[in-house]
Amino acid sequence: MILDLIHNEVKKALTQIENTDSSKLDIVVATNNKFGDFQTNVALQHAKILRKKPLDIAQDIADRLQSSPLFSKVEIANPGFINISIDTQTINSLLTDMSSCQYNGISQTKSNETIIIDYSSPNVAKTMHVAHLRSTIIGDALKRIYKACGYNALGDNHIGDWGTQFGKILYAYKNFEHPTDIEKDSVAMLEKIYQEFTQKAEEDSTLDDYARQELVSLQKKEEPNYSLWKKFISISLKEFHRVYKRLDITFDMENGESFYNDNLQGIIDQLQSKKLCQESKGAQVVFFEDDKYPPCLVQKNDGSFLYATTDLATVFHRQNKLNANKAIYVTDNRQKLHFQQFFHISELMGKDYELEHVMFGLMKFGEGTVMSTRKGAVISLQFLLDEAEKRAFDVILDRDYSEEEKKEIARVVGIGAIKYQDLSQNPMTDITFTWEKALNLEGNSAPYLQYAYARAQSIHRKFVETFPDHDLKSSKYCIDFVDGGSSKETIEKELALHILMYGHAVHHAKNQNKPNLIADYLYQLSSKFSSFYNQVPILKEESQSKRGSLILLSDLCAKTLKDGLNLLGIETLERM
RNA sequence: GCCUGCUUAGCUCAGCUGGAUAGAGCAACUGCCUUCUAAGCAGUGGGUCAGAGGUUCGAAUCCUCUAGCGGGUACCA
């Protein structure tokens, strides 16, 4: 909002000058406060077009900006920067606007577009482990961010509930020994017999044939396989949902792969009638023009379908039944080619909305952090969360809270820390898992942000207690920074300006599908608040009106922290 | 082979469509708890942005090449 304001003002000035192009106009926060609050390099960009010296152009623009009441100072600097200082009255009025804004300064999209976010997607009969964290948490954050910007964002959990592995599981379940009480410790049991099957099949390949028979029987919906399959799914879902609940993750729908079974043949028919696929080595294959991508199989030579087929069916289900305007898939970057292929195919088939693949890097494991399904040394998500909560609990062990409060604090801090360490990193880069980092509760971590919030809330409580007659509703922002002001005034203004950038940060994160941009913003916000906290004792401020202004600023900062953390799916605490 | 991604401080990572002195956290070191919560604040040290060219007023960022590491590449998802 503040940027839009400046943007419009500069644009106005620019249009008064001939042959300028305001489409490239970019306003950024000044890199150093000696360069004012914001800066732009439009003059430099126009030097060539206008065939003038950049400094002259900058001067011309600056002259036109001087008269704006929004700015207190407009200066030019070599080689052609324009440095803009915001008038404190402007800041005060923007803060007032933001305080009363129900969206906390996040501008809302006018189109009521439906965005499907496809994330998490665990496989039935497999334990969720740390590597599943990324898709789940990033997808959930994206959904929250899109919603905050006014979109109709829907989460879909595309569960892996179909495929060849079920033949193996069925065979193993029927023939291997396992606890009869399937409800107990069940996913672990299913996983165990699956591993057992894999081992035995290495020695005895006839097992694979038996598994195939079980699969065919399942595909024909024959009993008992069909019922068993349903049971495996319900057991798995039950366990997944326990984890989701702990992580505060929700979905608007959970259409697993099997949901699309009845549409798969239709996809092949369509591809064939449009001559998009052809038979090759007994399978149905899509070839791309100029061999842009390697061929993509949509039906195996035994007639069964593949990943790409299901995904194509999903694309058109979302188009026809959900009226999607956009679908975002959150998966790891190894699947890049697959997404390129089926995105391209769906384009040829007449897809009429936008598809986007948000990829993230692999989770790697450092020394001493073994990660192997075969060796059974997996770090389960449950275990990781338990550890995080334990670590958080230890920090407050001696504090004067009830046992129940301590548990709640440990829960919020522990889960928050796990989420934050993932979300604060650029999704694209590989993430190296270490216990040290995952359970870090200091520095740039969730507790740091939660702590800033809790401190602000604490001030608020004490403020109300100490000044019971103070009417907060009649308080006004009165930041009155003057050039060369004290460090108190400087940090106050810096904090205010940063708060005003919240809406921009959220949209930036949305446009790039990078929640870490919000994490970054919030870390800086907390850091500025912590400095402010140390330098400006609000309750000691003698002027009543100034005191009122400071508490409003602290409150707005707290509100923004809470709002922003919520976008990352991280809870806040009133005390910790 | 072909396609594709990565390489920034001792470690883990930011760095937006090119902009002013490349930033954080951890680790190390120095101060600060009778004052709104020290999960904190203030500060110090630490860099050939893998290497070489190019594009231009200006490059960690864009282009080309080289090296190292990773991922993908027809019946898995």
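Note on naming: letters A, B, ... go to the chains in the order of the sequence lines (proteins, then strands), and numbering restarts at 1 for each one. What you are looking at is a predicted structure, and each value in this text was computed from that prediction instead of being measured.
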Given [options], identify the nucleotide with an atom nearest to the side chain of [X].
X: Asn426(A); options: A39(B), A74(B), G15(B); answer: G15(B)
X: Arg455(A); options: G5(B), G40(B), G25(B); answer: G40(B)
X: Ser530(A); options: G40(B), A20(B), C16(B); answer: G40(B)
X: Ser531(A); options: C41(B), G25(B), A39(B); answer: C41(B)
X: Lys437(A); options: U37(B), C13(B), U12(B); answer: U12(B)
X: Asp520(A); options: A14(B), C36(B), G25(B); answer: A14(B)
X: Ile409(A); options: C26(B), U73(B), A39(B); answer: A39(B)
X: Asn534(A); options: G40(B), C36(B), G15(B); answer: G40(B)
X: Leu337(A); options: A20(B), A77(B), G72(B); answer: G72(B)
X: Ser458(A); options: A24(B), C76(B), U37(B); answer: U37(B)

Does [N] pair with anything, Watson-Crick or G-U wobble, both distances under 3.5 Å, and if so, with which nucleotide?
N: C62(B); value: G54(B)
N: A39(B); value: none
N: A67(B); value: U7(B)
N: A28(B); value: U44(B)
N: U73(B); value: G1(B)

Please confirm whether the shortest side-chain N or O distance from [X] to OP1 or OP2 of [N] is below 4.0 Å.
X: Asn516(A); N: G15(B); answer: yes
X: Tyr533(A); N: G40(B); answer: no
X: Tyr451(A); N: A39(B); answer: yes
X: Lys48(A); N: G58(B); answer: no
X: Lys462(A); N: U37(B); answer: yes
X: Thr432(A); N: C13(B); answer: yes
X: Arg399(A); N: A39(B); answer: yes

Kindly check if the number of other-residue, nucleotide or ligand heavy atoms within 6.0 Å of CE (Met1(A)) is above 12?
->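 No, CE of Met1(A) has 12 or fewer neighbouring heavy atoms, counting only those of other groups under 6.0 Å.
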Given side chain to side chain donor-acceptor pair (under 3.5 Å), test Asn444(A) with Tyr420(A) step by step and report yes or no.
-> CA-CA 9 Å; Asn444(A) 189 354; Tyr420(A) 186 86; 2.6 Å; yes
Any donor and acceptor pair, going by atom type alone, linking the side chain of Thr429(A) with main-chain N or O of Gln425(A) inside 3.5 Å?
->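 Side chain of Thr429(A) to backbone of Gln425(A), a donor-acceptor pair under 3.5 Å: no, none is there.
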Distance-only, no hydrogens or angles: does the Arg461(A) side chain make a donor-acceptor pair with backbone N or O of Glu574(A) under 3.5 Å?
->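 It does hold such a pair.
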Figure out the CZ/P separation between Arg334(A) and A77(B), and round it to whole Å.
->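 Rounded to whole Å, this separation is 14 Å.
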Taking the nucleotide of RNA chain B with the closest heavy atom to each, which residue, His508(A) or Ile82(A), is nearer the 5' end?
->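 Between the two, 5'-proximity favours His508(A).
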Nearest nucleotide by nearest heavy atom, which residue falls closer to the 5' end of RNA chain B, Ala77(A) or Phe305(A)?
->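 By nearest-heavy-atom nucleotide position, the 5'-most residue is Ala77(A).
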Spacing of the P atoms in A22(B) and G45(B) (rounded, Å) =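 After rounding to an integer number of Å, I get 14 Å for this pair.
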Given the P atoms of C11(B) and G5(B), what is the spacing between them in whole Å?
->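 Their P atoms lie roughly 26 Å apart.
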Can Tyr448(A) be said to stack with the base of A39(B), given centres closer than 5.5 angstrom and planes under 30 degrees apart?
->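 One would not call Tyr448(A) stacked on the A39(B) base.
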How would you label the contact of Phe287(A) with the nucleic acid (heavy atoms, under 4.0 Å): base, sugar-phosphate, or nothing?
->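 Base: the residue Phe287(A), judged by heavy atoms under 4.0 Å, touches a nucleobase.
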Tell me what Gln512(A) touches on the nucleic acid: a base, only sugar-phosphate, or nothing, going by heavy atoms under 4.0 Å.
->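 The residue Gln512(A) makes sugar-phosphate contact but no base contact.
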Looking at [N], does its base get a donor-acceptor pair with the side chain of [X] below 3.5 Å?
X: Asn333(A); N: G5(B); result: no
X: Ser445(A); N: A39(B); result: no
X: Gln39(A); N: A20(B); result: yes
X: Asn301(A); N: A74(B); result: no

Distance-only side-chain donor-acceptor flag, Gln535(A) / Glu492(A), under 3.5 Å =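 Glu492(A) and Gln535(A) do not have a side-chain donor-acceptor pair below 3.5 Å.
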Going by distance alone, is a donor N or O of one side chain under 3.5 Å from an acceptor N or O of the other, for His460(A) and Ser554(A)?
->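 There is no such pair between these side chains.
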Determine, stepwise, if the pair Glu405(A) / Arg399(A) fulfils salt bridge (Lys or Arg N to Asp or Glu O under 4.0 Å).
-> CA-CA 10 Å; Glu405(A) 273 176 303; Arg399(A) 298 210 187 160; over 6 Å; no
Between Phe467(A) and Arg547(A), is there a cation-pi geometry (under 6.0 Å to ring centre, at most 45° from the normal)?
->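 The answer is yes, since Arg547(A) meets both limits relative to Phe467(A).
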Quick one: classify the glycosidic conformation of C33(B) as syn or anti, with syn meaning within 90° of 0.
->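 Syn, since the glycosidic angle lies within 90° of 0.
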